[in-house]
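Everything below concerns the one structure shown next.
Being a predicted model, the structure only gives us computed values, none of them experimental.
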Amino acid sequence: MSTQPAPAPLLIACALGIEQFALRAGDRGGAGGPVTVLRTGMGPAAAERSVTRMLADPALRDAAVLATGFCAGLAPGMHPGDLVVAEEARDPRGTTACVGTDLLVKELARTVPGRTVHTGPLTGSDHVVRGHERSDLLATGAIATDMESAATLLSAVRAGERPVAAVRVVVDAPEHELVRIGTVRGGISAFRVLRSVLPAFFEWHRSLLLPRR
């Protein structure tokens, strides 16, 4: 009797406790395989350490990796609660191409109707971006920035070939600059959106498990 191989796991990485709380609050099951939500801590160094350590576990050796959480929008007209699906994540160390972006856009539009979904490059920073730095980064072609996605995905592919993606929720934007991350706890739209996105992540994960023709 043949034995079906175990479905590949999914590792969802975020930086902050409030992001992890939102994701867990929205988890109603439905993934194509085992799911781990990892809180990496803030910053690229913390993300690299945490993701590298997790993927060294044999149970997660072949895991698909998705970076998520909040981000700063760079383009005029972006609003808190908008979604960013990265086509690539980049920082000074390199660029990592994302897999299945079209599917993520479609599933997010279905899962969180009415929310604007932006696609484009997501750039990494080692600090919270303010003021003129936004326009400087926008000039590079990036549409959003955060501190962990690029490091997360680069660490993931360095640990072994695997599908990776990044989906971020805009928490502040050029016309809506956030004074401090603690205001997220006030129940603004970014938290509610992040709490709702897991079904789209699970559909992305399931699509990776389908036989290729």
Side-chain angles (χ1 to χ4, degrees), residues 9-44 46-47 50-51 54 63-73 78-86 89 98 100-101 103-119 122 124-125 128-129 143-153 156 164-173 176-206:
L10 172 62
L11 178 65
I12 300 174
C14 61
L16 303 175
I18 190 70
E19 295 167 336
Q20 186 182 50
F21 177 74
L23 292 163
R24 287 181 171 170
D27 187 2
R28 300 292 184 269
V35 177
T36 299
V37 177
L38 169 67
R39 177 185 174 185
T40 65
M42 285 185 67
S50 295
V51 171
M54 289 296 289
V65 175
L66 193 150
T68 195
F70 303 127
C71 71
M78 282 183 155
H79 295 87
D82 285 2
L83 286 147
V84 172
V85 176
C98 296
T101 55
L103 176 66
L104 279 167
V105 170
K106 181 183 78 171
E107 290 300 327
L108 287 166
R110 185 177 63 83
T111 303
V112 197
R115 292 293 174 182
T116 302
V117 182
H118 306 269
T119 59
L122 180 62
S125 174
V128 175
V129 171
I143 63 167
T145 182
D146 73 87
M147 291 193 285
E148 297 84 24
S149 290
T152 292
L153 301 196
V164 296
V167 176
R168 290 276 171 171
V169 181
V170 174
V171 75
D172 70 338
H176 307 272
E177 193 159 278
L178 185 70
V179 176
R180 60 188 185 278
I181 195 68
T183 58
V184 174
R185 295 182 181 274
I188 65 172
S189 57
F191 178 87
R192 295 195 297 269
V193 172
L194 187 59
R195 190 176 57 191
S196 303
V197 295
L198 276 180
F201 295 175
F202 293 161
E203 284 300 320
W204 175 79
H205 184 222
R206 271 196 289 270

Would you give the length of the straight line joining atom [atom1] of [X] to atom [atom2] of [Y], rounded to the nearest 0.5 angstrom?
{"X": "C14", "Y": "L38", "atom1": "SG", "atom2": "CG", "value": "7.0 Å"}
{"X": "H79", "Y": "D172", "atom1": "NE2", "atom2": "CG", "value": "13.0 Å"}
{"X": "T68", "Y": "R168", "atom1": "OG1", "atom2": "CZ", "value": "6.0 Å"}

Pairwise side-chain contact, [X] with [Y], heavy-atom cut-off 4.5 Å (strictly under):
{"X": "V167", "Y": "L83", "value": "yes"}
{"X": "P9", "Y": "T36", "value": "no"}
{"X": "M78", "Y": "V84", "value": "yes"}

- side-chain contact (heavy atoms from CB on, under 4.5 Å) involving A47 - partner list, sequence neighbours excluded: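 Here the qualifying residues are T40, E148, A151, T152.
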- E107: what forms a side-chain hydrogen bond (donor to acceptor under 3.5 Å, both in side chains) with it, not counting sequence neighbours?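 Once residues adjacent in sequence are excluded, the partners of E107 under the side-chain hydrogen bond (donor to acceptor under 3.5 Å, both in side chains) criterion are R110.
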[X] to [Y] - nearest heavy-atom pair and separation:
{"X": "I12", "Y": "F201", "result": "CD1-CD1, 4.1 Å"}
{"X": "A190", "Y": "V171", "result": "CB-CG2, 4.0 Å"}
{"X": "A144", "Y": "C71", "result": "CB-SG, 3.9 Å"}
{"X": "P34", "Y": "H205", "result": "O-CE1, 4.5 Å"}
{"X": "A15", "Y": "R39", "result": "O-CG, 3.4 Å"}
{"X": "A166", "Y": "L122", "result": "CB-CD2, 4.0 Å"}

- side-chain contact (heavy atoms from CB on, under 4.5 Å) partner of V112, the single match among L194, V169, V193: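 Testing each of L194, V169, V193 against V112, the sole residue satisfying side-chain contact (heavy atoms from CB on, under 4.5 Å) is V193.
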- Do the side chain of T119 and the main chain of V85 share a donor and acceptor less than 3.5 angstrom apart?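 Not confirmed, T119 side chain does not pair with V85 backbone.
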- Message: Using a 3.5 Å distance criterion without hydrogens, assess whether the side chain of R115 forms a donor-acceptor pair with backbone atoms of D82.
- Response: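 No, R115 side chain to D82 backbone: no donor-acceptor pair under 3.5 Å.
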- Before giving the answer on side chain to side chain contact (heavy atoms under 4.5 Å, CB included), spell out for L23 and L198 the whole-Å C-alpha distance, their side-chain angles and the decisive distance to 0.1 Å. CA-CA 7 Å; L23 292 163; L198 276 180; 4.1 Å; yes
